[in-house]
Participant: 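Submitted below is the structure of interest, expressed as structure tokens.
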Amino acid sequence: MTDIWMITAAVLAVLIVVTLIRLYYGPTAPDRVVALDAINTLTVAAMIVLGVAYNEIAFIDVAIVYALLSFVGTLYIAKYIGGEL
Amino acid sequence: MNMSNIVRTGAVLLFPFILVYGFYIVLHGHLTPGGGFQGGAVIATGFVLLFVAHSYESITKRLPMNYFKNSETLGLLLFIITALIALTLGVTFFGNWLVNSGGLFGDVVAYGPNPGNLNTAGIIPIMNLAVGIEVLGAMSIILLYMLSGIKEDI
Amino acid sequence: MIEVLIQLLILVGLIITALLVYKFQDLLSAAIAFGIFSFLLSLEFFILQAPDVAIAEAGIGAGLTTAIFIVAIRGTQRNEEAE
Amino acid sequence: MIADTLILIFIAIGLIFNTIGIIGILRFPDVYTRLHAETKTTTFGTIFLCLAVVVYAVSQYMGSGDGQYVTLSIHTIIALIALCFTNATGAHAIARAAYKSGQVPEPAVVDRLSEVKL
């Protein structure tokens with residue numbers, strides 16, 4: 001059963017690396033913020049899956065911290081792009 | 001300037017959960033991953049979320065800068081006083097004078113594998129709490145001063 | 001075996017984002033790339049079984065440094081000057 | 001074993017939806033369609049990955065009776081709720097900022113949002 005979770009995490013890592021293409025080619029700043037948001041969600045999913053693969057319950061706490069906090073940077077960038085800061 | 005209504009409501013709804021989770025990380029610092037610095041950084045990011053959703057004037061009207069200065073000073077004082085009390089009780093500086101005493105944070109650790117008892121470890125949870133309060137004040141006030149510099153610019 | 005593959009992919013991503021931070025002339029894009037660098041660094045710490053450092057990197061790198069960079073860019077100017 | 005089959009099905013659904021979302025980011029023409037592809041499909045795929053973890057935890061708890069698997073499922077559900085909440089708010093903020101910075105969708109004919117005071 002452990003191999004299934006590891007393979008899932010490997011596929012998620014491949015998706016993260018593929019998303020970096022949009023970070024490189026994105027014509028404007030909002031396109032790059034979309035790539036940031038996608039990588040954020042994929043990172044939380046990879047952390048949960050890896051926590052199950054290592055069989056360590058305490059590792060899920062890191063995923064909760066990431067899910068709660070990672071959109072603060074997105075909000076700041078959005079406030080600057082919208083000209084409200 | 002205020003952000004839109006949805007972002008403000010989301011920030012106000014999410015802030016108590018970040019606060020509770022940060023103090024959970026601080027208080028369980030001797031049992032699970034985390035500790036004073038990590039929990040303080042999480043709570044400070046919660047305050048930063050409030051700063052982005054509201055304007056500078058409405059933030060400083062509700063939360064003056066003195067609150068954060070006082071919390072930083074309070075954390076440092078709690079840390080050093082806890083270390084100095086040990087000298088009066090006949091142990092060394094930073095000596096663990098609360099462990100195995102039976103009172104606050106004074107239970108004896110059970111032998112063998114167990115899920116963990118919060119009421120152990122002596123002065124280490126108190127030191128974690130002091131560091132958490134200090135980091136919370138320091139990191140929030142950095143961003144608040146930078147925002148005040150922007151307001152004078154325009 | 002699969003774990004080595006995951007680490008290899010994440011390290012490749014770290015090198016790519018670090019080079020992009022150096023390359024972008026638009027400082028806002030450089031700040032976004034630095035945020036992605038912080039995410040990937042935290043995932044690497046997580047795989048190396050260090051959840052303490054991963055939580056610290058989550059709080060500091062994801063929220064606070066991006067906010068400080070954006071406020072600093074707003075205070076100065078957005079584009080890097082050509083030499 | 002029914003739990004293993006269920007876990008495999010959930011993981012397959014989650015990975016397929018995540019892959020579709022990433023392909024959408026790479027292929028769509030402008031910001032709004034890219035945002036549409038990324039937010040919904042990635043959140044939906046992550047919901048199914050978390051559901052697979054919960055099914056795994058429940059099946060292990062039925063087999064061994066160990067209390068730590070209950071903790072695993074509860075923490076996973078908390079992370080999932082936080083993720084759904086923050087993703088929606090962030091997507092709203094990005095779309096509003098992109099509109100206010102002056103980008104319009106490519107084949108747009110009418111712009112009803114310009115009549116409203118934002």
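As the structure is a computational prediction, the values presented were derived from the model and not from experiment. To find a chain, count down the sequence lines: A is the first, B the second, and so on, and within it residues start at 1.
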Participant: Checking C:Thr65 against chain A: side chain, backbone, both or neither under 4.5 Å from a heavy atom?
Facilitator: neither
Participant: Is A:Ile16 in contact with chain C via its backbone, its side chain, both, or neither, using a 4.5 Å heavy-atom distance?
Facilitator: side chain
Participant: At what distance, to the nearest 0.5 angstrom, does OG1 of A:Thr43 lie from CZ of C:Phe39?
Facilitator: 6.5 Å
Participant: Heavy-atom distance under 4.5 Å to chain C: side chain of A:Ile81, backbone, both or neither?
Facilitator: side chain
Participant: Check C:Ile6 against A:Ala13 and note the closest heavy-atom contact, atom names and distance.
Facilitator: CG2-CB, 4.3 Å
Participant: Against chain A, label C:Leu64 side chain, backbone, both or neither, depending on which of its atoms sit under 4.5 Å from a heavy atom there.
Facilitator: neither
Participant: Under a 4.5 Å heavy-atom cutoff, which of C:Ser42, C:Ala31, C:Gly59 has the most pairs with chain A?
Facilitator: C:Ser42
Participant: Indicate the atoms forming the closest heavy-atom contact of C:Gly13 with A:Leu20, along with that distance.
Facilitator: CA-CD1, 3.8 Å
Participant: Determine the minimum heavy-atom distance between A:Leu23 and C:Phe24, stating which atoms define it.
Facilitator: O-CZ, 3.7 Å
Participant: Flag the one option from C:Thr66, C:Val12, C:Ile73, C:Leu5 with the top tally of heavy-atom pairs under 4.5 Å to chain A.
Facilitator: C:Thr66
Participant: When only pairs under 4.5 Å are counted, which of A:Val72, A:Leu69, A:Leu50, A:Val65 shares the most heavy-atom pairs with chain C?
Facilitator: A:Leu50
Participant: Does any backbone or side-chain atom of C:Ile32 lie under 4.5 Å from a heavy atom of chain A? Answer side chain, backbone, both or neither.
Facilitator: both
Participant: Tell me, for C:Leu20 versus chain A, whether the close heavy atoms (under 4.5 Å) come from the side chain, the backbone, both or neither.
Facilitator: side chain
Participant: Among C:Ile10, C:Ile36, C:Val71, C:Ile55, who wins on heavy-atom pairs under 4.5 Å with chain A?
Facilitator: C:Ile36
Participant: Between A:Thr19, A:Leu36, A:Leu12, which residue shows the highest count of heavy-atom pairs closer than 4.5 Å to chain C?
Facilitator: A:Leu36
Participant: Please report the shortest heavy-atom distance between A:Ala10 and C:Ile2, naming the atom on each side.
Facilitator: CB-CG2, 4.0 Å
Participant: Grab the two heavy atoms, one from C:Ser38 and one from A:Tyr66, that are nearest each other, plus how far apart they are.
Facilitator: O-OH, 3.9 Å
Participant: Any idea which heavy atoms bring C:Ala54 and A:Val62 closest together, and the distance?
Facilitator: CB-CG1, 3.8 Å
Participant: Can you tell me how far CD1 of C:Ile70 sits from CD1 of A:Ile77, rounded to the nearest 0.5 angstrom?
Facilitator: 5.0 Å
Participant: Check step by step if side-chain contact (heavy atoms from CB on, under 4.5 Å) holds for C:Glu3 and A:Tyr54.
Facilitator: CA-CA 11 Å; C:Glu3 197 174 353; A:Tyr54 292 145; 2.9 Å; yes
